[in-house]
Amino acid sequence: MQMNKPLLRVEGLKKYFPIRKGLIGKTVGHVKAIDNVSFHVNEGETLGIVGESGCGKSTTGRTIMQLLEPTEGVVEFQGKDLTKLSANEIRAVRRDIQMVFQDPYASLNPRHTIGKILEEPLIVHGGGSAKDRRKKVVEFLRIVGLSEYHAKRYPHQFSGGQRQRIGIARALMTNPKLIIADEPVSALDVSIQAQVLNLMQDLQKEFNLTYIFIAHDLGVVRHISDRVAVMYLGKIVEITESEELYANPLHPYTQALLSAVPVPDPNYKKEQIIIEGDMPSPANPPSGCAFHTRCPFKMDVCTKITPVLAEEKTGHSVACHLYTAEGNDDIERKKQLEGSV
Amino acid sequence: MSEFTPKVDGVAEAKLEKTTGPWREAWVGFRKSKVAVVGAVIVIFFILLALFGPLVTKEGINEQLMTDRLQPPSSEYWFGTDDFGRDIFSRIIHGARISLSVGFFSVVGSIVVGSFLGIIAGYYGRWIDTIISRIFDIMLAFPSILLAIAIVSVLGPSLRNALIAIAIINVPNFGRLIRSKVLSIKEDEYITAAKAIGMKDFRILFSHILPNSMAPVIVQGTLAIATAILEAAALGFLGLGAEAPYPEWGKMLADSKDYLQNAPWTMIFPGLAIMLTVLGFNLMGDGLRDALDPKMKS
Amino acid sequence: MRKGKLWSFALIMLLVLSTALAACSGGDDKEGSGDKDKDAADKGGSENKTLVFGRGGDSTSLDPSRVTEGETFKVTVNLFETLLNFGEQDTTVQPGLAKEYDTSEDGLTYTFQLEEGVKFHDGTDFNAEAVVKNFERWANGDSDTFPYYNSMFGGFKDDEDHVIESVKADGESTVIITLKRPQAPFLKNLAMSMFAISSPEAFEKGDDEYERNPVGTGPFKFVEWKPNETITIEKNEEYWQEGLPKLDRIIFQAIPDNSARLNALLSGEIDLADGINPADGVKIEDNDTLQLFERPSMNVGYLGLTVTREPFDKKEVRQAMNYAIDKQSIVDSFFEGRAEVAKNAMPSSISGYNDDVEDYAYDPEKAKELLKEAGLEDGFEMELWAMPVPRPYMPDGTKVAEAIQSNLADVGIKAKIVSYEWATYLDKASKGEADAFMLGWTGDNGDADNFLYVLLDEDNIGSNNYTYFKNDETHKLFLEAQTEVDEDKRIELYKQAQEILHEEAPWVPLAHSIPLLGGAKELTGFVPHPTGSDLLSNVEFK
Amino acid sequence: MFNYTIKRLLQLIPVLLGMTFLVFMLIRAIPGNPAQVILGQQATKEAVEALTIKLGLDQPWYTQYFSYLGGILKGDLGESMRTRLPVADEVWPYLAATLELALFAMIIAVVVGINAGIISAWFQNSWFDYSAMVLALVGVSMPIFWLGLMGQWAFAIELQWLPTTGRENVRDPVSAITNLYIIDTLIQGRFDQLWVVIKHLILPGLALATIPMAIIARMTRSSMLEVMRSDYIRTARAKGQKMFWVVYKHALKNAIIPVLTVIGLQIGLLLGGAILTETIFAWPGIGRYIYDAINFRDYPVIQSGILIVAFIFVMINLIVDLLYGLIDPRIKYD
Amino acid sequence: MNERKKLLEVNDLQTTFFTDSGEIPAVDHVDFYVREGEVLGIVGESGCGKSVTSLSIMQLVPSPPGKITGGEILFEGQDLLKKTEKEMREIRGNDVAMIFQEPMTSLNPLFTIGNQMSEAISLHQKKWSKKQIKERAIEMLKLVGLPRSEEIMKEYPHQLSGGMRQRVMIAMALVCDPKVLIADEPTTALDVTIQAQILKLMRDLNERMNTAILLITHDLGVVAETCERVVVMYAGQVIEEAPTEEIFENPCHPYTRGLIQSVPDMRDKKDRLYSIPGNVPKPGSIDKGCRFAARCESAFSRCWIETPELYRNSENHQTRCFLYDEQEGVTNANEQTTVKS
């Protein structure tokens, strides 16, 4: 499955938001929303991006879409670097990359009927006659589990789950290859969330879609993803296949994250690693490894040198000094660790 | 909001087969508000008066009958006569046409110009925004009535020029409103969604941003008509508005303020007419706000 | 924290309470604040010796020679005196600071004998030297500093048209003025309040300083000026005329709005108010505590027809306008009868008035006939300019305009009423941009020249001749009259001119209004002067 | 906070420049020669021409503008063409008169308006709420010149409870120190005069207060209603706090910010917009000063008068903005 | 466990919202109880009435439009619904305290933490001096794990992170040693790592101070990790009630079962999630039969006509489902269980 060629390749992507202060709005610093992120997505697979709020996972999605202009880096889609395209060319590419948003209500124009909302991508990309378009709208309404008569209604007349189906239908209208789903189920009730996740899986098979699935819920991500990237403070700290990640997390943050998720089984006794404190501000990230302020295995080197994402095992990369040469030099610490892990 | 607030969305499957668009919903909400309905009734009453009143009143509202000067209200002259012996009742009815037109057209004028500037400023931002916003700031820094007086002074006092002056002083209000609305809608997720689809800016502007910023404009517009009528009356009162012999209410007040003690009806009725009309628009505006744009503040 | 809150809450409540209290206790005080205020003021003496004079505007200066505007003279006439005075209620020439005067045969030399022992308010002596210094001051000025001097005496020291050759002191109390050429109204000019004699010591400190701190010889001394609010003057104890003035203090209060001023009078806050609307005259007459004063008329209100503009370039049309307008009805309604219907360009009180002129009757048919003769049987459209501000000669321009508009409509002339604010109005009218405009004139010195020449001679086109009327015959008559020293001959010349003006009809003369004042009943000795500047030294409360 | 203040002050510069320019151009667009007006109807043509030159009115507009601007920078607001006094010297009494009236009106409007709004919101849909809001609506719909005249007629002329016009009993004038007569009489311990001054303030003050009072009441109510729905109000109640303190401590402080904005705007409007009230009550204020100046085409007075009013207006809004910072710690001005 | 006294008893509680579009019974004949020192979970999806139930106990239901229309709420044997507003004020915050979902908005943004803490104390400890109050506040802040408690007293809510704010909320709620703490979705708005911290804190406090906790949540994982006993609500009704282990091992109501199966499990990956069809009903939209019938795969004719009661299927397990009505026979239920799990 992973032998497919990459559909999307992201290399050294950075997105800094300037912080302006003072009399003339001088830039005094940057919020490093994404800081040197690299990964690739193969055709037909689902890459999950997981992390806590403020880690930059949504910004990553939007930067790939070129909704935000990247500060630096390469976003290569089907061999084309999107960052180098003109505005018009990007618009054309968006036929192939679509997005599904978190808030299914906010992402639908309240003054448009569902029919109009679904038709719009077709109009924008010149998708056939009015009649064809309407036919296609009805077809996709059915595909996502809604009915023809829903086309005449307005977004507020639908429940959250139905709206998310509409959002998904809209993304499918132009037959895209890649769908970036930004927290598509986090606003939904559990029973509805399951429906939407199932729908997304079905659609993936049917239309050979590639997903980038951004979420904070580790359970959901695990369920839907083939590979998972864990982000912390604008950086990917670990990326690997999902089975591997959940079975054998390498980064202390991943470990803490996994252990923090409450499991709906009172008999399941896990060893809880509760990390203290909060995520630092991305405007003023800690030096060295961004996680060192909360890391239970902090070494001296962690405060000084930023660890690089490197392949620890085949297909399993991690950015942590526990697995780097610099880290290994910190032998005393390493020894202590061996006992505790 | 917390979950106990009944949400509309659940209704969908169970009850509504009929399409209810946002405008229809607003209409339903509007009808429910007693205040709004009272306002609408008053406004419609004055609109009908303006349209058809002149057909039923006495001929020659400007006909002067010096022998009948300052007659108190009677069966012949319902509201009495003024110092030219003219029938105040007929004049007030004709005056409705003037006040309503001034209110309506000045506000339409400010909306058109204000929207244009506001959209440009809000959507394109950068230096265009800076310039337009600064101009708005400058205009808003003047007390509006002073600015109106100055403008009328330049153009010469007349009804038309009063209308223009009122339109001008209201432009920055609408401009700012639209600008802020555009700015906030621009951040809405469905705009991002539209961009993600690959939609062009121009189309986003006209198909998404404009229709969604109309609600507050309609509300503000209704309220602004109320203010505009008051401002026109104030200019008329200062002698900078309607020229004689137009039966403009503010001018009628100014003309009769010397008779307050001898012939109070000459003052009371035009004053009441102004107040009622303005009240009508204010009530209606309030109702519209609740129906269209519950989050907007006065 | 909560205690702090409580305090601020209490403070707010206190404020509410005090506001409410203020409103309520105002109600308890049945006597009325006006009366109460008066009581307070009266406590000093047994009788009221303070007069509050409510008027339409504030003075712009207290140096009368520097302005042309009436509100200033209302005050300065009580602070200063002129060499000669006008009569109590007319414009005949009476002795003032000069107890005697003498005119030479050729009308070029005037000799004045001054009152002796008169002192300025600053204690310096009034004498011939002081008079000379005043004249020198004016003659050395320019039209900005002394605008009236310029208009009345033909310019300044080095100007060719300057009338005055020299002003010389002959001893302590004799002044001799020599003219370059005869000027008929010369003595009347000297009686105008702008040529009042100031203390040289005071004005030598600087003109700008002086106009805030006037020093004259008049019955009252300057006390305080609160701009746009009040000017207070008080009794000059050293005044040279025995027993005068009778009041201790006069306060001129500016109340721009006519109704507001009337209201203040009704409530007793002011004792005397000018600019009473004709409509309110009856109300004052009917009021037991008030009395109405009529100021003798020395003005004319007219509808000017710009003769350079079509169709008013045709005499028939101008005459038609005269026939079309029902002046009597206008006078009855908007002057409430407190005006004389005008037929000439000057009021009847001025010598030279031609009563033989027969006025155009109100005759719409005749008007239509004349229009037909002029080839305008279908009428025409015109702009009718209405003054935006009340003036003594026209208490409510817009209303009169509305009445005229209605009259004109009867003969088929569609008039659109146009108004600009006052500055623009005068400016545009003087440029001849109006078809027909309402305007008027209040005489400065009661001379026919001050009406006929100033308003209707070609020399004043672009200035006060707004109609652009030009007539060789009248021009000749006016110039002749200016230098004619023989009074009877002058009168004849002006009468001739009025005949011509009547026939040519550049105006529709409307009315000579009688400006009204209202005062408290117990006020005595108040005699309104036709010039609008009232000497108040004889006024007192009964 | 300091930096923010400075920043806002600097941002004012272009606005103020724009304002001077706008006013300058606007009044020069008004037809009519000021020299004519100054000299009056009786003046001769030569006199008018001479004065025109003397006033520099024959100069091109930009020369006039820049010399005016230059003057402002030196603290010279020009000299009234009519009274020949420096505007800077003569403007204060007018400004003070209006300030006193506007502040008096504003205090009434704020005290009554805010409390009415709070109580209306607290007892939403009660009879008080309904009647207060109907009154408020009538208030904003009221032509104040009409209200003022009616009030004058009723309370000053018919009932004679209050004086009709002016600021003081002119027979017993207040000796001006600050020109704010309430303060002046207090300083001098003239409580009899203070009482008279307050009586003079009541009618015009109430007329002027009507609209802001109504607006403030409506604003407070809607703002309070919104705040009352918020979670921290629920928290405060869950602690067992009394409703009175929930409303006046927790809710009011949060609800006051939009109300402050309105108050700031209204003070500004009152300053220049009081022309009608000042006319009716013969109040010697800045509105009339400017209005008269427009009639007399007294350029320096119009320019500087409007500039002063606008400047105060802008400053009040700045103060309001800074107040936000004091009330709301979330607004960090650094 | 059973010998512990019932501290709070809710019997037949009905709370109705009177809206323009009719009466909505948000809480419909709800019964449950909390024992001393116990952690009871109320779990359900949005709109099931769990929050209104908790607000009803505090009598803080926004009124209008809401009104408690029936039932009783016994606290230590006394009916809270019969208390005056003044008496209720004495109980609120003192005997029964409450914390809310949004720590961001539940603290007044314009007052310092110290001010808000002190307010909570001084309202019920009227004789305490300022110093005592301050000391108590600082002590409580320390207790909930806020290290810089003295500084925090002077800070404003916006200066704290979400997790810290929720700790402050908890400290504030516990400041008067309440007997019951009602926690309405206390961790929903927080990130997982922070959620883990807060849950641990609540468990610790429960043990140390023996405060009974009524934990309202939609997250079954949170329930499994924290609660002793669970009440499941659906559409305004209690549909199942049992000890936590029992619920997860032997869920009886088809809804509970469906809910548990809908949650993507972190531990092993299923190909497809179970999903309950249909949407969460709007409160008040179903007035006849079982509220869940329309979505229930086991529904039979009776479910559409009669309204089920809570049937007791074991000593401490009740279910509102006809499958457990003795009339229907136990076999029915057993069959269902085997089929489903």
Side-chain angles (χ1 to χ4, degrees), chain A residues 50-55 145 158-162 185 187-199 201-202 215-225 242-243 246-247 253 256-270 272-281 294, chain E residues 44-48 145 147 160-164 187 189-197 199-200 217-228 230 243-249 255 258-280 282 295:
Chain A
V50 74
E52 293 177 290
S53 50
C55 71
F158 293 88
S159 68
Q162 289 173 316
V185 295
L188 305 177
D189 275 320
V190 187
S191 64
I192 308 302
Q193 168 180 304
Q195 294 171 3
V196 173
L197 287 175
N198 287 340
L199 174 68
Q201 280 181 312
D202 295 345
H216 68 273
D217 186 325
L218 286 137
V220 170
V221 169
R222 152 140 218 199
H223 176 77
I224 200 153
S225 311
S242 78
E243 293 297 326
Y246 286 77
Y253 175 64
L257 207 57
L258 288 175
S259 87
V261 179
V263 177
D265 180 352
N267 296 321
Y268 175 72
K269 293 296 169 219
K270 59 186 173 187
Q272 256 201 343
I273 309 166
I274 292 187
I275 48 172
E276 296 299 326
D278 296 300
M279 192 189 282
S281 153
R294 301 168 77 191
Chain E
E45 293 180 294
S46 52
C48 72
L160 307 180
S161 69
M164 286 162 88
T187 59
L190 304 174
D191 277 322
V192 254
T193 53
I194 311 297
Q195 166 171 294
Q197 296 170 2
L199 289 178
K200 180 164 184 297
T217 180
H218 69 276
D219 189 331
L220 290 167
V222 170
V223 171
E225 288 196 353
T226 321
C227 304
E228 290 167 40
V230 185
T244 310
E245 285 180 29
E246 168 81 6
I247 281 265
F248 283 96
E249 272 165 27
Y255 173 69
L259 203 59
I260 291 171
Q261 287 171 32
S262 302
V263 184
D265 196 332
M266 273 234 323
R267 289 165 301 168
D268 66 322
K269 179 164 176 166
K270 291 177 234 169
D271 259 0
R272 208 173 157 73
L273 286 172
Y274 173 78
S275 71
I276 306 171
N279 292 307
V280 180
K282 187 193 160 200
R295 302 175 74 189

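Model, not experiment: these values are computed from the prediction.
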Part of Val192(E) within contact of chain A (heavy atom distance under 4.5 Å): both
Note, Pro264(E) side chain near Arg222(A) side chain (heavy atom, < 4.5 Å): no
Selection from Met164(E), Lys200(E), Glu225(E) maximising heavy-atom pairs under 4.5 Å formed with chain A: Glu225(E)
Ile260(E) portion near chain A, given a 4.5 angstrom heavy-atom threshold: neither
Glu276(A) side-chain N/O to Gln197(E) backbone N/O, donor-acceptor pair under 3.5 Å: no
Contact summary for Ala224(E) and Val263(A), nearest pair of heavy atoms: CB-O, 3.3 Å
For Val263(E) against Pro264(A), the heavy-atom pair lying closest together: CG1-CG, 4.2 Å
Under 4.5 Å from any heavy atom of chain E - which part of Ser281(A): neither
Over all atoms of both residues, closest heavy-atom pair of Glu45(E) and Ile192(A): OE2-N, 4.3 Å
Contacting region of Gln195(A) [heavy-atom separation from chain E under 4.5 Å]: both
Residue among Val220(A), Val221(A), Ile224(A) with most heavy-atom pairs under 4.5 Å to chain E: Val220(A)
For Ser191(A) against Ser275(E), the heavy-atom pair lying closest together: O-CB, 4.3 Å
Side chain / backbone / both / neither for Gln195(E) at chain A, heavy atoms under 4.5 Å: side chain
Residue, of Val190(A), Leu257(A), Asn198(A), Asp278(A), that accumulates the most heavy atom pairs under 4.5 Å with chain E: Asn198(A)
Gap between atom CD of Glu245(E) and atom CG of Asp265(A) - 0.5 Å precision: 9.0 Å
Part of Ile275(A) lying under 4.5 Å from any heavy atom of chain E: both
